[in-house]
Amino acid sequence: MPLSTTYRQLDAEKTISTLETLRNRISERFADSSLAQVAEELCEMSRESKSKIEWIDRPHLGLRAAVIAVVLASLGLLAFGVTSLLNARAEAFGVADTISVLEAATNEVIVAGAALLFLFSLELRIKRTRALRTLHDLRAIAHVIDMHQLTKDPSQMLTGSAPTKSSPRRVLTPYQLTRYLDYCSELLSLIGKLAALYAQSLPDQIVVGAVNDIETLTNGLSRKIWQKIVMLEGTDRLAAASASEPGTAGHPGTSQSTDAGTSSADRG
């Protein structure tokens with residue numbers, strides 16, 4: 001029985017649905033955060049990307065017809081020139097005249113070939129330009145997400161050092177911080193999936209290279225985030241171990257995760 005091809009390519013609708021679900025999760029847990037606004041902006045970009053990808057997938061018959069018309073007109077002019085030359089009054093051509101005619105004909109063939117290459121690749125280049133513009137926007141929003149997690153430093157919870165006058169406000173509990181960082185990682189992953197939709201619809205070498213760059217960027221940023229999450233999970237384990245020992249109920253590290261109620265494996 002042949003295998004289904006459903007899972008051999010990304011589905012734009014399912015990617016958008018996953019992103020919208022993530023946006024709802026962020027809004028429900030961090031309703032007043034700017035990360036929720038970033039998620040909403042990314043949802044809007046995903047819907048725009050869907051329409052752009054559909055536009056890229058379609059053959060543009062009007063443009064192709066215009067290219068064919070230009071090519072036919074050029075061939076007609078070439079045929080007219082050749083006919084005029086053949087019908088001209090016969091003259092005795094010397095060696096120098098023959099060489100001059102051959103050089104001119106060679107130059108014309110080179111120019112015509114370059115023009116034809118330009119015309120036949122016009123549709124691809126228009127689609128590529130539109131795809132690269134959106135990929136640039138996706139790269140920019142990945143950096144915006146990285147800026148949001150930049151000050152979410154779990155080392156402050158480990159050391160308990162006193163903040164300075166310019167230190168950012170740290171109001172999240174360890175559990176909330178874990179969820180916040182995890183949301184950032186998921187957003188970065190979905191940015192890579194949105195970019196991959198363009199490579200799937202337009203397997204052009206330049207577009208594929210730009211998509212690979214975005215995936216490399218988002219994977220690198222996500223690795224930094226998961227290093228912070230691992231540090232937080234280590235803090236939770238240390239606090240749990242301290243709480244289980246006799247006489248450590250008042251240990252200052254045990255109060256940091258009291259509102260969590262669950263481990264960081266909760267994906268809500």
*Asks:* Can you get from Leu19 to Ile141 by hopping between Ile, Leu, Val, Met, Phe, Trp and Tyr side chains that sit under 4.5 Å apart?
*Replies:* yes
*Asks:* Quick one: closest heavy-atom pair of Phe30 and Gln176, and the distance?
*Replies:* CZ-O, 3.4 Å
*Asks:* Taking all non-hydrogen atoms of both residues into account, name the closest pair between Cys43 and Ser46 and its distance.
*Replies:* O-OG, 2.5 Å
*Asks:* Hey, is the main chain of His60 close enough, under 3.5 Å, to the side chain of Glu123 for a donor-acceptor pair?
*Replies:* yes
*Asks:* So, taking the atom named CG in Leu35 and the one named CG in Leu187, what distance separates them when rounded to the nearest 0.5 Å?
*Replies:* 5.5 Å
*Asks:* Among the clusters formed by ILVMFWY side chains lying less than 4.5 Å apart, do Leu194 and Met45 turn up in the same one?
*Replies:* yes
*Asks:* Determine whether a donor-acceptor pair (N or O, by modelled atom type, separation under 3.5 Å) exists between the side chain of Ser121 and the backbone of Leu124.
*Replies:* no
*Asks:* Do side-chain atoms of Ser222 reach the backbone of Asn219 as a donor and acceptor pair under 3.5 angstrom?
*Replies:* no
*Asks:* Under 4.5 Å between side-chain heavy atoms, counting indirect links through other Ile/Leu/Val/Met/Phe/Trp/Tyr residues: same cluster for Leu181 and Val144 or not?
*Replies:* yes
*Asks:* Distance from Ile56 atom CD1 to Lys52 atom NZ, nearest 0.5 Å?
*Replies:* 8.5 Å
*Asks:* Applying side chain to side chain contact (heavy atoms under 4.5 Å, CB included) to Ile206 and Leu132, what does each step give before you reach the verdict?
*Replies:* CA-CA 9 Å; Ile206 296 177; Leu132 290 177; 4.0 Å; yes
*Asks:* Tell me the closest heavy-atom pair linking Ile225 and Cys184, and the distance in Å.
*Replies:* CD1-CB, 3.7 Å
*Asks:* Here's a test for you: under side chain to side chain donor-acceptor pair (under 3.5 Å), which of Arg23, His148, Arg29 qualifies with Tyr183?
*Replies:* Arg29
*Asks:* What heavy-atom pair brings Ser49 and Thr134 nearest, and what distance separates the two atoms?
*Replies:* OG-CG2, 3.6 Å
*Asks:* When you measure from the side chain of Ser17 to the backbone N and O of Glu13, does any donor-acceptor pair fall under 3.5 Å?
*Replies:* no
*Asks:* Using modelled atom types and a 3.5 Å cut-off, is there a donor and acceptor pairing between side-chain atoms of Thr218 and backbone atoms of Glu215?
*Replies:* yes
*Asks:* Please step through side chain to side chain contact (heavy atoms under 4.5 Å, CB included) for the pair Arg25 and Thr21, ending with a clear verdict.
*Replies:* CA-CA 6 Å; Arg25 291 164 56 202; Thr21 300; 4.3 Å; yes
*Asks:* If you measure from OH on Tyr198 to NZ on Lys127, what distance do you get to the nearest 0.5 Å?
*Replies:* 13.5 Å
*Asks:* What's the shortest heavy-atom distance between Ala142 and Leu188, and which atoms?
*Replies:* O-CD2, 3.8 Å
*Asks:* Hey, any chance Leu221 and Trp226 share a hydrophobic cluster, counting ILVMFWY side chains that come within less than 4.5 Å of each other, even indirectly?
*Replies:* yes
*Asks:* Can a salt bridge be assigned to the pair Asp146 and Lys224 using a cut-off of 4.0 Å between side-chain N and carboxylate O?
*Replies:* yes
*Asks:* Would a hydrophobic clustering, with Ile, Leu, Val, Met, Phe, Trp and Tyr connected at side-chain separations under 4.5 Å, put Ile214 with Leu22?
*Replies:* yes
*Asks:* Please give me the minimum heavy-atom distance between Val207 and Ala131, naming the atom from each residue.
*Replies:* CG2-CB, 4.3 Å
*Asks:* Nearest 0.5 Å, please: how far is OG1 in Thr18 from CG in Leu190?
*Replies:* 6.5 Å
*Asks:* Before you tell me yes or no, could you show the steps for Leu63 and Ile126 under side chain to side chain contact (heavy atoms under 4.5 Å, CB included), namely the whole-Å CA-CA distance, both residues' side-chain angles and the distance that decides it to 0.1 Å?
*Replies:* CA-CA 10 Å; Leu63 181 60; Ile126 291 174; 3.9 Å; yes
*Asks:* Do Glu44 and Arg47 sit within salt-bridge range, that is, some charged N less than 4.0 Å from a carboxylate O?
*Replies:* yes
*Asks:* Check this for me, if you would: do Glu54 and Lys50 make a salt bridge, where the nitrogen-to-carboxylate-oxygen distance has to be below 4.0 angstrom?
*Replies:* yes
*Asks:* Under the 3.5 angstrom rule, does the side chain of Lys228 hit a backbone N or O of Lys152 as a donor-acceptor pair?
*Replies:* yes
*Asks:* Distance-only, no hydrogens or angles: does the Gln200 side chain make a donor-acceptor pair with backbone N or O of Leu10 under 3.5 Å?
*Replies:* yes
*Asks:* State the CD-CD distance between Glu41 and Gln37, to the nearest 0.5 angstrom.
*Replies:* 10.0 Å
*Asks:* So, does Thr216 use its side chain to make a donor-acceptor pair with the main chain of Asn212 at under 3.5 Å?
*Replies:* yes
*Asks:* Kindly compute the distance separating CD1 (Ile191) from CG (Asp137), expressed to the nearest 0.5 Å.
*Replies:* 11.0 Å
